[in-house]
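The next block holds one structure in the form of structure tokens; read it before the comments.
Order of the sequence lines fixes the chain letters, A, B, ..., with proteins taken first and strands second; residue numbering starts at 1 for each chain.
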Protein chains: 2
Amino acid sequence: MSSPRPRGTKDRHHEILDAAARVITERGLADTRISDVAEAAGVSPGLILYYFESKDRLLSEALTYANDQFYLRMSREIRRISSAREQLRRLVDLSVPGYLAEYGKLDEWALWIEVWVRALRDPQMAKDRELLDQRWRQSIADIVRAGQASGEFAAGDADELALRLGSLIDGLAIQVAMNDSQVTPERMHRACMEVAANLIGFELEPASA
Amino acid sequence: MSSPRPRGTKDRHHEILDAAARVITERGLADTRISDVAEAAGVSPGLILYYFESKDRLLSEALTYANDQFYLRMSREIRRISSAREQLRRLVDLSVPGYLAEYGKLDEWALWIEVWVRALRDPQMAKDRELLDQRWRQSIADIVRAGQASGEFAAGDADELALRLGSLIDGLAIQVAMNDSQVTPERMHRACMEVAANLIGFELEPASA
DNA sequence: CGCAGGTTTGAACGGCGGGTCAAGCCGTGG
DNA sequence: CCACGGCTTGACCCGCCGTTCAAACCTGCG
């Protein structure tokens, strides 16, 4: 169709990044080979190196790309909920690995852990991770502020509350993602909501028993 | 001296595991080669494979070994403190990366993250991780129970409190270990202690202002 | 002394996989 | 219809470890 701009290029980038994210999720960063990504994307190995200057760069980009996608999806979902308490509940729903049947089990969190490992030594990844995390805390803080404005939540330092709640979610999610027999998705969900209600200052149930 | 038993063998095992843990901490699991470990241990590469059947086995053992060491050190330290509240404070001190100058910065937490990555795919490591984590939660729960018995803390489900507090520590520690500019060791420490006081039910300061 | 067994060495092997490249494959514009 | 240039292929090269192994090295004992 229209041709002046390099049409396929942008698509290829995304296709490859998507494929890479999928492969990393199921095989792990360490066991991901270029040929795996190529196969998953349905192209030849050589093409991968045509679009990305090195395997390292590809994997780094894929990691931040995938986390970005997740964030955007969550963001979109939450924005259409009006009650701050329900927004918070939905955020927790989406954060508990395997809590919602419609989403994959490991997926997001497995990638996060790979990001952490990499960020320990790769300065660029460290920077990206900090930004990603900041945005995640920010979106919690926004919910808190909205709730405080509407009177659903008690007053308090929204940023500090976001840090605490977000960290609790991180810590619990790790264990759930690892299939810890003591830490089930349900238990995690309950813990998050109760601590949130306690820290932020709201009632768990609107009015029902 | 005495000779019937294989004398040097046990030492060599530990020497190599120590060396491996050190190398993993500074280079990362992915970039750790057998020759690195050999060099760090002051022996030849061949000897490593004489004591461990494969690189994989060596690294797995090194990871759990190192975490074990950390746990034991902390355990010992805490046992000699009498007040439950002070025990808890000490536990938090030791858990905040870089909070105490005398201990290394990354060290423990960097290894934890490597454990997590591995546990996602290696069933044996998954099992070991669960045990390690259970023990960690247990030691928090023990402190809580002690405090409840002595009247320092309010009543409550010690195991559930331990899970929540432990997870919060995990989640915060990750960010501190990554040098997140927003999450300083001091901020993490404060957050842990305040949430602990709130959840568990005790006063932060004994009596002073 | 010299043998025996466990220990230690380091050179050599082999496979794996990232990266390169020369050659084909198109679609487009002349 | 041809020539150009971006896209795509897959075979190939090459360095890097994990692993193996034969030989050397101790140390204690007969």
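Going from atom CD1 of B:Ile48 over to atom C1' of D:dT20 covers 15 Å, rounded to whole Å. Atom pair A:Arg27:CZ and C:dG17:P shows a separation of 8 Å (rounding to whole Å applied). In this structure, the CZ atom of B:Phe52 is 13 Å from the P atom of C:dT8, given to the nearest Å. Between the P atom of D:dC17 and the CG atom of B:Leu59 lies a distance of 14 Å, rounded to the nearest Å. One interatomic measurement links the two molecules: OH of A:Tyr51 to C1' of D:dT9, which rounds to 13 Å at whole-angstrom precision. What separates CG of B:Asp31 from P of D:dG18 is a distance of 11 Å, to the nearest Å.
Using a 4.0 Å cut-off, no side-chain N or O of B:Tyr50 falls inside it from OP1 or OP2 of D:dC21.
Identified under the ring-ring contact (aromatic ring centres under 6.0 Å, His included) test for residues 70-91 of chain A, with sequence neighbours left out: none. Listed by first then second residue, pairs satisfying ring-ring contact (aromatic ring centres under 6.0 Å, His included) with a partner in residues 72-96 of chain B number zero, not counting sequence neighbours.
Across all their heavy atoms, A:Val23 and A:Ala40 have their closest contact at CG2-CB, 3.6 Å.
Between B:Asp180 and A:Arg129 there is a salt bridge, with a side-chain nitrogen of the basic residue lying less than 4.0 Å from a carboxylate oxygen of the acidic one. By the 4.0 Å N-to-carboxylate-O rule, B:Arg118 lies close enough to B:Asp56 to be salt-bridged with it. In summary, A:Glu114 and B:Arg121 engage in a salt bridge, as defined by a charged side-chain N under 4.0 Å from a carboxylate O. Ion pair A:Arg135/A:Asp68 flagged as a salt bridge, since at least one NZ, NE, NH1 or NH2 atom sits closer than 4.0 Å to an Asp/Glu carboxylate oxygen. Using a cut-off of 4.0 Å between Lys/Arg side-chain N and Asp/Glu carboxylate O, B:Asp159 and B:Arg137 are scored as not salt-bridged. Taking a cutoff of 4.0 Å between a charged side-chain nitrogen and a carboxylate oxygen, B:Glu130 and B:Lys127 do not qualify as a salt bridge.
Of the residues in residues 36-44 of chain A, A:Val43, A:Ser44 come within less than 4.0 Å of DNA chain D through at least one heavy atom, sorted by number.
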Give me the distances for all protein-to-nucleotides 18-22 of chain C N/O pairs that come in under 3.5 Å?
from, atom 1, to, atom 2, distance (Å)
C:dG18, OP1, A:Lys55, NZ, 2.8
C:dG18, OP2, A:Ile34, N, 3.0
C:dG19, OP2, A:Lys55, N, 2.8

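Ring geometry, A:His189 versus A:Tyr99: the interplanar angle falls under 30°, so the pair is classed parallel (tilted spans 30 to 60°).
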Kindly list each side-chain donor-acceptor pair under 3.5 angstrom involving residues 161-168 of chain B, sequence neighbours excluded, with atom names and distances?
from, atom 1, to, atom 2, distance (Å)
B:Arg164, NE, B:Glu160, OE2, 2.9
B:Arg164, NH1, A:Glu194, OE1, 3.3
B:Arg164, NH2, A:Glu194, OE1, 2.8
B:Arg164, NH2, B:Glu160, OE2, 3.1
B:Ser167, OG, A:Gln175, OE1, 3.1
B:Ser167, OG, B:Leu163, O, 2.8

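Axis orientation changes by 20° from one end of the helix from C:dC1-D:dG30 to C:dG30-D:dC1 to the other, with each end axis drawn from 5 pairs and the value rounded to 10°.
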